[in-house]
Amino acid sequence: MSDKYELLTEWLRDAHAMERATIDNIEKLIDQLKHFPEVAARYRQHLEESRLQLERLYVALGLMKAEPSSVKDTVTRIAGKIQPALAGAAEDEPVKQMLAAQAYEAFEAGSYIALIEAARMCGQTEIMELCSESLVEEEAMADFLKENILEVTRLYLSHEQKEQFFKTGT
Ligand SMILES: [Fe+2]
């Protein structure tokens with residue numbers, strides 16, 4: 001097996017771990033976005049998309065005669081938990097969450113761009129197709145978040161009792 005095949009397999013495992021962390025984070029984010037129903041609804045849709053993306057990566061790994069790495073999955077999920085916990089300590093949590101989430105979606109989209117090219121160079125057409133489907137979803141989510149940073153910032157800044165509004169969960 002040449003290096004590029006091994007690298008493609010490792011990148012698929014990295015992406016599998018990335019999606020596991022994404023699913024954990026989205027489940028938490030939806031809870032924190034109750035004052036932004038449009039963003040929360042879009043996240044519910046993306047949660048379903050992320051579960052599909054995880055499945056596609058599992059299929060892609062199968063095509064490489066490989067499996068996800070439970071070590072990578074666990075480490076990335078733990079690392080993924082740190083970011084919302086840090087953001088949760090700040091009063092301006094909703095705005096910071098949007099910034100972090102938009103950056104993370106862009107990172108996911110970039111990961112699929114790299115995977116598609118690696119798959120192409122390894123002659124893995126089916127993996128290219130699977131990753132292309134996920135790339136479209138990641139780019140759409142990144143665009144949505146970017147467009148909504150403005151709205152979330154406005155709503156947050158215009159509310160008089162920010163702390164109470166966002167922390168009572170009402
Ligand atoms: Fe994703």
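Bear in mind the structure is a predicted one, so any value in this text is a computation, not a measurement. Heavy atoms only: backbone and side chains are in, while hydrogens, waters and symmetry mates are out. In each ligand, atom 1 is the first atom listed, and ligand 1 is the first ligand listed.
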Glu137 with Arg56: basic N within carboxylate O range, under 4.0 Å: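 Salt bridge flag = yes for Arg56 with Glu137.
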Lys/Arg-Asp/Glu bridge criterion (N-O < 4.0 Å) met for Lys146, Glu105: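 Salt bridge between Lys146 and Glu105, a charged N being under 4.0 Å from a carboxylate O: no.
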message: Restricting to N/O/S atoms, is Glu108 within less than 2.8 Å of the Fe ion (ligand 1) or not?
response: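 Looking at Glu108, which is the residue asked about, there is an N, O or S atom under 2.8 Å from the Fe ion (ligand 1).
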query: N/O/S atom of Thr22 under 2.8 Å from the Fe ion (ligand 1), yes or no?
result: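 False for Thr22.
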message: Is there a side-chain contact between Tyr43 and Leu145 in this structure, where contact means two heavy atoms from C-beta onward sitting under 4.5 Å apart?
response: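 Touching, per the 4.5 Å side-chain cut-off.
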Met18 vs Phe107 side-chain heavy atoms within contact, under 4.5 Å: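 Result yes, sub-4.5 Å side-chain heavy-atom pair found.
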field: Rounded to 10 degrees, the angle OE2 of Glu19 makes with OE2 of Glu138 at the Fe ion (ligand 1)
entry: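 With the Fe ion (ligand 1) as the vertex, OE2 (Glu19) and OE2 (Glu138) sit 90° apart.
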